[in-house]
Amino acid sequence: MILPRNFYDRPTLTVARDLLGKVLVHRTREGLSTGAIVEAEAYIGEDDPACHAAPGPTARNQPLYGPPGHAYVYINYGMHYLVNVVTEKEGSPAAILIRALEPIDGIPLMRRRRRGTPRGGEIPEQELCRGPGNLTRAMGITLTENRADLCGDRLYLDDRGIQVGRIAWSPRIGISVGTEHRWRCYVVGNRAVSGRTAATND
DNA sequence: CGTTCGATGCACT
DNA sequence: GTGCATCGAACGT
């Protein structure tokens, strides 16, 4: 079942928790690729210094201010695409960064997409979508998907009734401000979760 | 095992 | 001009 718009129109931390175990689906001309979300981070409002909405509305962060249930994709470090799902009602900027997936469908396609990057051909399955930059690469998500309606039929989230194990919360990864919030949630012990060497797991 | 550091493009000040 | 919501190669232990 495709998640309806009202799934996203709720408090962001609640949506983040409920995202774990849901299946991200991307249909392209190349084929279908899907994976279960095992790690996500919330970015909430202009008062969150790590949120792209912190400076107020700009050209880039416009999707954050838009209606829930849309994708917000941007370029990070000049070479990685990062994908978020927009939450909360229009005008209240918040989103959830998808940080890791457990691959389900289209694994050969994921491998092909990551080929050409270092280690492309021989990546273990559990590492294909480990990390926000890696998963967009494997899923074929680029700026073309920015603002995509997640209630459409190209890029969406599917509830397949997957039960995840224990969930934990930690500070968000890779930021220098807003570290007081434990707004990163993940499936404890899952091999596809990023940040494995840090004290940010368990 | 651990840490450091370069790549690389663009939004924003 | 500055600073990234990253990744992985290259080192050191």
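Chain letters run A, B, ... following the sequence lines, proteins first, then strands; residues in each count from 1.
There is no path of hydrophobic side-chain contacts, each under 4.5 Å, that joins I104(A) to V187(A). In this structure, I75(A) is not a member of the same hydrophobic cluster as L82(A), with clusters built from ILVMFWY side-chain heavy atoms closer than 4.5 Å.
Rounding to whole angstrom units, CG of residue N61(A) and P of dA5(C) are separated by 12 Å. Atom CD of E127(A) and atom C1' of dT6(C) are 15 Å apart (whole Å). Whole-Å rounding puts the R60(A) CZ to dG9(B) P distance at 17 Å. Nucleotide dG8(C) holds its P atom 11 Å from the CG atom of L128(A), rounded to whole Å. Atom CG in L64(A) sits about 15 Å away from atom C1' in dC12(B), given to the nearest Å. Regarding L82(A), its CG atom lies at a distance of 14 Å from the C1' atom of dC10(B), rounded to whole Å.
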When Watson-Crick pairs (N1 to N3 and N6-O4 or O6-N4) and G-U wobble pairs (N1-O2 and O6-N3) count only below 3.5 Å on both distances, what is the dot-bracket string of DNA chain C, with | for other-strand pairs? ||||.|||||||.
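Checked by atom type and distance alone, the side chain of D158(A) pairs as donor or acceptor with a backbone atom of M1(A) at under 3.5 Å. Checked by atom type and distance alone, the side chain of R10(A) pairs as donor or acceptor with a backbone atom of F7(A) at under 3.5 Å. Under a 3.5 Å cut-off, the side chain of E41(A) and the backbone N or O of I173(A) do form a donor-acceptor pair.
Of the residues in residues 71-81 of chain A, Y74(A), N76(A), Y77(A), H80(A) come within less than 4.0 Å of DNA chain C through at least one heavy atom, sorted by number.
The side chain of N134(A) approaches dC7(C) more closely than any other nucleotide in the set dT6(C), dC7(C), dA5(C). Comparing dA5(C), dC7(C), dG8(C) by their nearest atom to the side chain of R114(A) picks out dG8(C).
A distance of about 14 Å separates the P atoms of dT8(B) and dA10(C), rounded to the whole Å.
By the side-chain hydrogen bond (donor to acceptor under 3.5 Å, both in side chains) test, H52(A) is found to be paired with Y72(A), residues two or more places apart in sequence or in another chain being considered.
Cation-pi geometry between R99(A) and Y186(A) is not met: the NZ or CZ atom fails to fall both under 6.0 Å from the ring centre and inside 45° of the normal. Geometrically, R5(A) does not engage Y8(A) in a cation-pi contact, judged by NZ or CZ lying under 6.0 Å from the ring centre and within 45° of the ring axis.
When all heavy atoms are compared, the tightest approach of P103(A) to L128(A) is CG-CB, 4.1 Å.
Contact annotation for I175(A): backbone-only contact, meaning every heavy-atom pair under 4.0 Å involves sugar-phosphate atoms and none involves a base.
The phosphate of dT6(C) (OP1 or OP2) has no side-chain N or O of R137(A) nearer than 4.0 angstrom.
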